[in-house]
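For this chain, numbers begin at 1 and follow the sequence in order.
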Amino acid sequence: QAAVAAGFTRRRVLLRHVLPNSLGPVWIALAFVFSAGLVLESSLRTALTQRELSVAIQPKVNGETSEVIGGEALVRWRHKEHGVVAPSVFVPLAERIGLATALTHFVVEEVSRQFQTWREEGLSALPIAINLSPQLFRDREAISAVAMIPKRFGIAPELIEFEVTETALIDDPKRAD
């Protein structure tokens, strides 16, 4: 945290010298946004290592029969100081700072643990979908590592459905084949 604060102070001083005095409120706003980004980045790294994230399972329901046919894993982050951080904020941040694979590992492990709990409680399991980051497809070892997690927990492969977002296909159409 001290290193983040020191870096912020240096950048604030640089911004003050670069921008004219008439833009004072602008540099304050820029410094605030930059500082908030650094804090969020640092906090996300901590959240992953300290297991401050959680996974919620959203049911998938058959529209005709109203029967629950599976679920989708949704990652959630309740920041200890700032409250709930939207996935639309922290997932792109994770991708930008190289934490997408770690975030995916976390989600797959949590879903696998949930399956294990259901099995121990004698409950039947339905398939759970997990969205994969486009970054994962740039590293074959990362894909293999993620695919091994359910096996480690003894989870049947058909119970986890890995979904690829359209973004992944648009980013790298060659891998779509």
Side-chain angles (χ1 to χ4, degrees), residues 1 3-4 37-63 67-80 82-177:
Q1 298 286 354
V4 169
L38 285 178
V39 169
L40 201 59
E41 181 178 318
S42 174
S43 294
L44 181 55
R45 291 180 192 280
T46 301
L48 272 166
T49 59
Q50 300 299 315
R51 305 191 62 77
E52 295 174 2
L53 301 172
S54 63
V55 173
I57 307 295
Q58 177 177 310
K60 286 184 179 179
V61 179
N62 180 319
E67 175 187 14
V68 175
I69 56 171
E72 181 174 5
L74 305 173
V75 64
R76 298 291 183 244
W77 181 19
R78 181 175 297 278
H79 191 280
K80 51 189 161 188
H82 304 294
V84 176
V85 180
S88 61
V89 172
F90 73 85
V91 171
L93 175 63
E95 290 178 339
R96 192 169 58 251
I97 64 174
L99 293 178
T101 299
L103 185 59
T104 301
H105 277 257
F106 171 79
V107 172
V108 175
E109 281 194 9
E110 289 302 302
V111 168
S112 296
R113 280 190 182 90
Q114 185 60 61
F115 275 124
Q116 191 174 42
T117 300
W118 288 334
R119 183 175 54 221
E120 290 167 1
E121 294 174 356
L123 300 172
S124 59
L126 296 171
I128 304 294
I130 299 173
N131 290 320
L132 298 178
S133 166
Q135 286 187 353
L136 200 62
F137 295 95
R138 296 185 183 110
D139 182 354
R140 288 189 189 276
E141 289 179 25
I143 294 171
S144 295
V146 165
M148 290 302 296
I149 295 170
K151 290 179 184 176
R152 240 183 32 233
F153 285 85
I155 307 304
E158 63 273 8
L159 290 176
I160 295 185
E161 300 171 348
F162 292 113
E163 294 184 349
V164 182
T165 62
E166 294 81 12
T167 310
L169 300 177
I170 292 168
D171 286 348
D172 194 353
K174 291 178 189 169
R175 293 201 185 245
D177 296 334

Measure the shortest side-chain to side-chain distance between Arg45 and Ile97 over non-hydrogen atoms and say whether it is less than 4.5 angstrom. yes
Does the plane of the ring in Phe115 sit parallel, tilted or perpendicular to the ring in Trp118? Use 30° and 60° as the thresholds. perpendicular
Validation row: Gln50, Lys80 side chains within 4.5 angstrom (heavy atoms): no
Got more than 12 heavy atoms from elsewhere within 6.0 Å of CD, Glu158? yes
Close side-chain approach of Trp77 to Val89, heavy-atom, < 4.5 Å: no
So which atom in Glu95 and which in Pro134 form the shortest heavy-atom distance, rounded to 0.1 Å? OE2-CD, 3.3 Å
Check whether any side-chain heavy atom of Glu52 sits under 4.5 Å from a side-chain heavy atom of Ser43, and report yes or no. no
Nearest heavy-atom neighbours spanning Pro150 and Ala147: CD-O, 3.4 Å
Any idea which heavy atoms bring Leu136 and Ile143 closest together, and the distance? O-CG1, 3.3 Å
Starting at CG of Leu44, measure out to CG of Leu93 and round the result to the nearest 0.5 Å. 5.5 Å
Out of curiosity, Glu72 CD to Ile57 CD1, how far, rounded to the nearest 0.5 Å? 9.5 Å
Nearest-0.5 Å distance, CG of residue Leu159 to CG of residue Leu126: 8.5 Å
Less than 3.5 Å apart, which donor and acceptor atoms pair up between the side chains of residues 103-113 and the rest of the protein, not counting sequence neighbours?
residue	atom	partner	partner atom	Å
Thr104	OG1	Ala100	O	2.9
Glu109	OE2	Arg152	NH2	3.2
Glu110	OE2	Arg51	NH2	2.1
Glu110	OE2	Arg113	NH1	3.1
Ser112	OG	Val108	O	2.9

Nearest 0.5 Å, what's the CD1-CD1 distance between Ile149 and Ile155? 11.5 Å
Between Gln135 and Arg96, what is the shortest heavy-atom contact and its length? NE2-N, 4.4 Å
Between Val55 and Ala73, the two heavy atoms sitting closest are CG1-CB, 3.9 Å
Can you measure from CZ (Phe90) to NE2 (His79) and round to the nearest 0.5 angstrom? 12.0 Å
So, do Thr101 and Asp139 sit near enough that their side-chain heavy atoms are less than 4.5 Å apart? no
Do Glu163 side-chain atoms and Ala129 backbone N/O form a donor-acceptor pair below 3.5 Å? no
